[in-house]
Amino acid sequence: LHAAISSDEGKTWRGFREVYLDPTRHNSPPKRGDRGTAYPQFKHMQNGKMLFASGQGETLRVLIELDPDWLEETARADDFSDGLANWSTFKPFGPAKGWWRDRLRGSELVEHPVKPGKSVLRIAKPDEKDADGAMWNFPAGRSGKVKARIRINAGFRGATISLLDHFFDPTDDAGDKNATFSMNIAPDGNANGKRAFKIGTFHELEITWDLEKQTATVNVDGADAGAIPVRANPPHGLSYLRFRSAAKEKDTAGLLIESVKAEVKP
């Protein structure tokens, strides 16, 4: 469930931030009854904040207090100190039966390879099911930059990193095709035709975009790593960072994510 805010009677909007994630999103869904996030109801409170109810299904109903100023923020970061509370990593599998399809958690947190007590998110393909993926939301912006500290392990079989203006199932490869920008990292660490990543080393990846100029550039450890083709021009800007394993065969090594950060221009 997302929220946006306007200061000109709805002509323009800012935010587009996730305000409620279904806490059961990574579990096998029930075959009967309601589930998910739906039917939000809200009211203004005397302290200037909003109170809204949402959650479809008796066990998912919640009351959440929302500060409108939070929707005006222009930056967000995550280092997994809160686990995967701000991420969607579910993986559908098996045949669809009507509206129902089974699912489980895909990408998991694992122990940091060089920092004891710290966790990193691994994007891999540990089994015969679809390759793992992960979605993370940040304040929408028509221009801005995202940073990620990542490492590819020995045995890595490829991954894609994308920027979108909307949520997409984390493991659906169509999400890469529907992304505004999407870059590939080859098993040998090549990206955009350049040897950008070394096996077994953490790198600082930065993607900067400007939808007015229809440009997106990549920087790795302070060095230019080329440009990414622009596929769309969403009116409200970009608000999702997406990682997905591109492995076609089993890959338990994968890509590790230590932290992410996004900054957009108002």
Side-chain angles (χ1 to χ4, degrees), residues 1-27 33-90 109 119 121 134-148 162-170 180 206-212 232-242 257 259-266:
L1 185 67
H2 299 80
I5 190 169
S6 175
S7 58
D8 57 9
E9 300 302 322
K11 295 178 181 178
T12 59
W13 295 88
R14 300 176 302 285
F16 296 91
R17 306 191 66 176
E18 291 177 341
V19 293
Y20 180 47
L21 283 165
D22 180 354
T24 68
R25 63 191 179 280
H26 297 120
N27 302 340
D34 291 333
R35 63 186 176 96
T37 62
Y39 306 118
Q41 298 172 318
F42 69 91
K43 67 172 297 181
H44 297 271
M45 297 194 295
Q46 292 182 350
N47 63 3
K49 297 181 181 181
M50 308 292 293
L51 182 69
F52 73 90
S54 190
Q56 189 171 355
E58 183 178 354
T59 62
L60 298 177
R61 295 290 289 177
V62 292
L63 287 173
I64 297 177
E65 183 180 87
L66 175 65
D67 188 338
D69 289 343
W70 183 74
L71 298 174
E72 302 275 12
E73 291 180 2
T74 57
R76 192 185 194 193
D78 198 309
D79 63 359
F80 306 106
S81 297
D82 294 328
L84 293 176
N86 299 314
W87 293 76
S88 291
T89 66
F90 60 82
L109 292 178
S119 296
L121 180 62
M135 292 286 291
W136 180 69
N137 174 251
F138 56 86
R142 287 190 51 79
S143 63
K145 60 184 176 183
V146 293
K147 298 180 179 180
S162 305
L163 293 172
L164 304 91
D165 69 324
H166 60 284
F167 184 88
F168 218 98
D169 276 9
T180 302
E206 180 177 296
I207 303 175
T208 302
W209 77 90
D210 188 328
L211 294 178
E212 300 300 330
N233 190 0
H236 300 298
L238 304 176
S239 58
Y240 272 99
L241 175 61
R242 185 178 196 256
I257 306 167
S259 62
V260 293
K261 183 178 182 179
E263 298 175 352
V264 301
K265 293 183 180 180

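In this structure, F90 and H26 have tilted ring planes: the angle between them lies in the 30° to 60° band. Between W209 and F138, the angle of the ring planes lies from 30° to 60°, which puts this pair in the tilted group.
Here Y240 contributes atom OH and L163 contributes atom CG; the two are 13.0 Å apart, rounded to the nearest 0.5 Å. To the nearest 0.5 Å, atoms CZ (F80) and OG (S259) are separated by 8.0 Å. Between M45 atom CE and E65 atom CD the span is 4.0 Å, to the nearest 0.5 Å. Atom CG of N137 sits about 8.0 Å away from atom CG of L21, to the nearest 0.5 Å. Rounded to the nearest 0.5 angstrom, E263 CD and T74 OG1 are separated by 7.5 Å.
Of the options F52, Y20, F42, a side chain to side chain contact (heavy atoms under 4.5 Å, CB included) to L66 is made by F52 and by none of the others.
Here the shortest heavy-atom pairing between S88 and P170 reads O-CG, 3.3 Å. Closest approach of R25 to A85, counting heavy atoms only: NH2-O, 3.3 Å. Counting all heavy atoms, side chain and backbone alike, R142 lies closest to P235 at CD-O, 3.3 Å. Considering all non-hydrogen atoms of both residues, L164 and R242 come closest at CD1-CB, 3.7 Å. Nearest heavy-atom pair, W70 versus E18, reported as atom, atom and distance to 0.1 Å: CH2-O, 3.4 Å. A pairwise comparison of heavy atoms in L71 and A3 identifies CD2-O, 3.6 Å as the closest pair.
Side-chain contact check for H44 versus M50: some heavy-atom pair is nearer than 4.5 Å. Looking at R17 and S239, their side chains never come closer than 4.5 Å, going by heavy atoms from C-beta outward. Inter-residue side-chain proximity for V260 and W87 is flagged as met; some heavy-atom pair is nearer than 4.5 Å. Taking 4.5 Å as the limit, every side-chain heavy atom of H166 sits out of range of all side-chain heavy atoms of P234. The shortest distance between side-chain heavy atoms of T59 and T24 does not fall below 4.5 Å. When side chains are defined from C-beta on, T37 counts as touching D22, because their heavy atoms get closer than 4.5 Å. Residues D165 and F16 form no side-chain contact, since every pair of their non-hydrogen atoms from C-beta on lies 4.5 Å or further apart. You'll find the side chain of I64 stays beyond 4.5 Å of the side chain of S54, heavy atoms only.
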